[in-house]
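For reference, the structure discussed in these notes is given below.
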Amino acid sequence: MRKKLLKRSMKSEGFNTSIFPTWCPGCGDFGIWGAFKLALESLKINPAQVGIFFGVGCAGNISSFIKAYGFHSLHGRAIANAIGAKLANHKMPIIVIAGDGDLLGEGISHFIHSARANHDITVLLHNNGVFGLTTGQASPTAVPGFKSKPLPAEITDEPVNPCALAIMHQAGFVSRGFAGDQEVLCNLIKQAIVHPGFSLVDVLQPCVTFNPDKSYIWYRQRIKPVKVPVHDILSGIKSSIWTKNKIATGVIYKNSRIPFHSNYPQLTEDSLLTTSGKKREIKKLLSTFS
Amino acid sequence: MKSRISIKIGGPAGAGVKSVGQILAKTLQKLGYHVFEYPEYPSLIRGGHNTELIQASVEKKYSLIKPVDLLIALDDKTLSLDLPEVIPGGMVIFDSKIDFKSNSPKIEFLSIPMSDIALKLGNPLMANIVAVGAILKAIGLTTKMTTKLLAYQFSKKGPDVVVANIKALETGWNFVKEKSVKPILDSVTVRTSNYLLMNGNEALSLGAISAGMGLYTAYPMTPSTPILHFLAAHQTELGFIATQAADEITAVNMVIGAMHMGVRAMCATSGGGFALMNESLALSGITETPLVVVLVQRPGPATGLPTWTEQGELQYAIHAAHGEFLRFVLAPGDNEEIFQMVFEAFNLAERYQTPAIIMLDKFLSESSMSCENLSADKFTIDRGKISDPSKLKKSKNYQRYLLTDDGISERSLPGMENGVFCANSDEHEYHGLVDESSSMRVWQVDKRLRKMETASKMIPGPQLIGPKDAKTTIVTWGSGKLAGMEAMEIVNNEQKTKNNKQRTKNRVNVLHFSYIWPMNLKAVKQALKDCGESTLLIEQNATGQFQSLLKEQIGWEPTVYLRKYDGRPFFAEEIIEKINEI
């Protein structure tokens with residue numbers, strides 16, 4: 001079954017571009033790439049009917065490997081582009097794909113603010129604990145003990161936990177997947193895209209070259225799927241915390257907050273696209289200045 | 001006959017100085033006067049020293065002159081700081097709570113217990129309305145129009161508040177009446193006009209609404225913050241979104257995201273916020289996504305003088321961000337131009353698929369002035385080469401970054417069938433996929449820079465205002481236009497009163513630049529040739545940023561220059577003094 005799925009995901013021809021991925025052989029990004037394409041396919045999303053915003057790094061390079069309306073942003077800024085895009089066309093699914101260095105380093109404020117505003121975007125976070133494209137510095141999710149190039153000794157910083165962070169700010173949908181389990185991951189991505197509100201898929205992703213200690217086997221020995229999502233913040237945060245032997249996966253936390261754009265009554269069945277770019281009558285408004 | 005009046009009101013923050021200025025300006029406007037209202041205030045909420053300078057005239061005026069005819073002091077600071085500006089024959093009205101003994105026989109002093117009256121009427125905050133009543137009588141006006149305005153303004157707060165305020169107004173008015181002073185403004189017949197009274201931030205907001213803006217987003221920063229407040233108040237009714245972003249980096253990137261989707265979007269900020277937006281200007285440049293940024297300048301560096309004025313970011317706006325790409329820099333000089341330039345900025349950004357920066361400054365954005373009735377009838381909306389979805393549907397191999405002669409390629413929008421591409425911040429090939437080859441790099445850089453050639457040929461040159469055969473030309477950019485034109489009017493009117501021979505001898509005109517970058521070199525060279533025999537370049541910065549731009553681009557230098565960088569705007573007299581030095 002798994003082999004068949006992998007084969008199908010490598011195909012997913014509708015979403016493939018002319019460029020084959022440039023990641024290291026064995027990189028977790030392959031699994032996420034495949035699961036993502038499968039998710040779009042099974043949700044029957046047409047490549048022309050989705051807006052994807054990519055960060056900069058190994059994860060962001062996926063921008064040239066997925067055929068869809070894409071926007072390869074600056075390092076850290078993809079979420080900021082995405083929330084503007086969502087307000088512009090709230091009828092279209094908007095997805096952010098970026099790594100932990102991007103989203104939780106330079107882009108952490110966008111991550112927190114968009115989660116607490118509950119912007120209706122899906123964030124696919126490639127979490128490998130390392131800056132891969134710049135060859136091996138500690139990322140914000142690196143755990144103490146990691147040997148980072150710019151440091152004389154092992155790092156002592158505590159890691160950022162994106163799931164806990166999102167739950168604390170009451171993002172609508174918080175989940176964790178594993179790049180080594182495409183089927184489950186595909187399912188999580190589908191649920192995240194469908195959820196109306198901020199949805200996070202924190203994907204545990206081995207970096208075979210620059211963080212080899214956290215291998216596929218290392219993760220497999222620790223991941224424990226949660227049975228059902230919780231709805232209260234404290235249980236959610238507790239469940240999202242990594243322990244020595246256990247990392248929870250699956251949909252960890254969910255709520256039914258209204259998405260940010262629903263606060264605006266001017267966004268109806270029609271998006272801003274229908275009125276923007278056309279002259280507006282301002283005579284009434286001007287009369288208040290006479 | 002005195003047909004122009006200059007009134008200054010001073011007091012601490014929180015005393016309602018701004019309200020006095022606004023009510024007074026609106027009253028004079030409604031009565032048909034041409035009004036200029038200029039606020040000064042330090043960056044704090046309580047205390048400090050706030051002033052409002054209101055200048056009104058029967059004839060159209062463009063900017064500020066120095067003399068103050070009537071000074072209203074709500075505190076002692078006003079008397080110590082602003083008294084020197086009052087001209088002989090002028091009047092000072094001050095709150096009786098201030099311990100003050102006048103020693104100037106040429107100025108009339110009136111002590112009015114504004115605070116006591118307000119307290120007796122039940123609200124000490126109404127002292128400023130007592131002051132408005134006093135001002136009206138001192139300049140020779142009735143309370144009729146102001147009463148109407150107050151009734152409207154306080155209608156939401158209930159009839160009691162309205163009655164109390166009107167009572168405060170009348171008490172102030174009667175107090176001056178009892179002193180039987182000679183009114184400052186001669187009674188003249190003023191025709192009602194169809195002028196509007198608004199500030200630059202409002203003109204900008206109206207332009208953006210009219211030009212079909214869908215999304216406005218900003219992080220609060222003086223002096224651009226009121227744009228967010230104004231737009232937010234009208235968003236639901238007019239069907240666009242105005243929202244506060246988490247920071248300026250978020251704001252500018254939201255705009256880029258919305259523009260990518262095909263919605264006209266804009267953000268505004270001041271220098272510090274603009275600095276944070278720099279990297280995203282480059283993102284707009286390489287992805288060829290339209291972007292409109294409003295930069296309302298204030299004196300820097302860093303926090304600088306947050307509530308004062310300067311034109312210190314011209315070179316910065318032209319050069320901000322890494323890499324080489326086209327951006328437009330527009331610097332309108334008055335409300336009419338601001339309104340027009342918003343249309344222009346959206347059109348240029350969409351036509352050339354690149355950033356357009358509109359530069360204002362605190363003086364322009366927060367001063368209210370009478371302006372012609374704004375109308376978008378003359379302006380068209382040009383969205384550039386956006387794909388036609390039906391044609392795109394039939395096309396076989398759509399290429400977003402196709403090389404073209406003018407450098408501009410067809411832009412599809414997410415949702416359009418067959419138009420899929422990647423707007424890529426990496427160098428890219430025709431579909432937007434990453435491409436680091438030597439040839440593609442050169443082709444795409446050349447393509448993007450061809451837009452600069454295309455643009456610099458079509459962009460308008462500067463505008464010559466006033467008599468063609470002037471002896472001296474005042475060269476201005478941005479808000480300098482107002483002070484330049486005021487100085488021109490004063491000098492040329494003085495000439496009119498002299499005999500014919502002298503009349504043309506010393507006349508002045510203005511050469512105003514609102515299209516700053518890119519520069520239409522041919523048009524600029526010709527315009528500078530047509531200047532008077534001497535030229536005066538005025539700008540509000542210390543290093544002469546526009547002057548060095550002209551020198552760099554065409555090797556031109558003015559005869560003399562005037563630079564001001566103390567945070568205060570130009571007064572016409574300063575410019576006239578400089579002209580007389582030539």
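Here is how names work: the chains are called A, B, and so on, in the same order as the sequence lines, proteins then strands, and each is numbered from 1.
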Under 4.5 Å from a heavy atom of chain A, the part of F343(B) involved:
side chain
Is T243(B) in contact with chain A via its backbone, its side chain, both, or neither, using a 4.5 Å heavy-atom distance?
both
For I94(A), which atoms come within 4.5 Å of any heavy atom of chain B: side chain, backbone, both, or neither?
side chain
Of the non-hydrogen atoms in G277(A) and I381(B), which two are nearest, and what is the gap between them?
O-CG2, 3.3 Å
Give a yes or no on whether the backbone of M213(B) and the side-chain of R280(A) come within a donor-acceptor separation of less than 3.5 Å.
yes
Do you see a donor-acceptor pair shorter than 3.5 Å between the side chains of Q49(A) and E417(B)?
yes
In Å, rounded to the nearest 0.5 Å, how long is the span from CG of L413(B) to OH of Y69(A)?
7.0 Å
Can you say whether A242(B) sits under 4.5 Å from chain A via the side chain, the backbone, both, or neither, judging by heavy atoms?
backbone
What pair of heavy atoms forms the shortest contact from R264(B) to S276(A), and how long is it?
N-OG, 2.8 Å
Does any heavy atom of chain A fall under 4.5 Å from the side chain of V434(B), the backbone, both, or neither of them?
both
S425(B) side chain vs H72(A) backbone, donor-acceptor pair below 3.5 Å
yes
For a quick test of reading the model, state the closest non-hydrogen atom pair linking G239(B) to L272(A) and the distance between them.
O-CD2, 3.8 Å
At a 4.5 Å cut-off on heavy atoms, which part of D247(B) comes close to chain A: side chain, backbone, both, or neither?
side chain
CD/E202(B) to CG/L285(A) distance, rounded to the nearest 0.5 angstrom?
9.5 Å
Between D270(A) and chain B, with a heavy-atom cut-off of 4.5 Å, which part of the residue counts as in contact: side chain, backbone, both or neither?
neither
With distance as the sole test, does K279(A) use its side chain to make a donor-acceptor pair with the main-chain N or O of A376(B) at under 3.5 Å?
yes
How close do S210(B) and I282(A) get, heavy atom to heavy atom, and via which atoms?
CB-CD1, 4.0 Å
Pick one of side chain, backbone, both or neither for K91(A), based on which atoms fall under 4.5 Å of a heavy atom in chain B.
neither
I'd like to verify something: which residue of N89(A), L273(A), T288(A) has the highest number of heavy-atom pairs under 4.5 Å with chain B?
L273(A)
Distance in Å, L283(B) CG paired with N81(A) CG, rounded so as to fall on 0.5 Å steps
6.0 Å
Taking all heavy atoms of P265(A) and all of T236(B), pick out the closest pair and write down the distance.
CG-CG2, 3.5 Å
Heavy-atom distance under 4.5 Å to chain B: side chain of F71(A), backbone, both or neither?
both
Region of Y152(B) in contact with chain A, defined by heavy-atom distances below 4.5 Å
neither
Given A68(A), S109(A), S63(A), G107(A), the one with more heavy-atom pairs under 4.5 angstrom with chain B than any other is A68(A)
In this structure, OG of S370(B) is separated from CZ of F289(A) (nearest 0.5 Å) by 13.0 Å
Just how far is it from atom CD1 of I256(B) to atom OG of S73(A), taken to the nearest 0.5 Å?
7.5 Å
Ring centroid separation F53(A) to H260(B) under 6.0 Å
yes
Whatever's closer than 4.5 Å to a heavy atom in chain A on H431(B) counts as neither
Closest heavy-atom pair and its distance - N424(B), S64(A)
ND2-OG, 3.8 Å
Kindly compute the distance separating CD (E279(B)) from CD (E106(A)), expressed to the nearest 0.5 Å.
6.5 Å
Quick check on S368(B) against chain A: is it the side chain, the backbone, both or neither that has a heavy atom closer than 4.5 Å?
neither
Between F240(B) and T275(A), does the side chain to side chain contact (heavy atoms under 4.5 Å, CB included) criterion hold? Intermediate values first, please.
CA-CA 8 Å; F240(B) 58 88; T275(A) 51; over 6 Å; no
Measuring heavy-atom distances to chain B, does I79(A) have an atom under 4.5 Å in its side chain, in its backbone, in both, or in neither?
neither
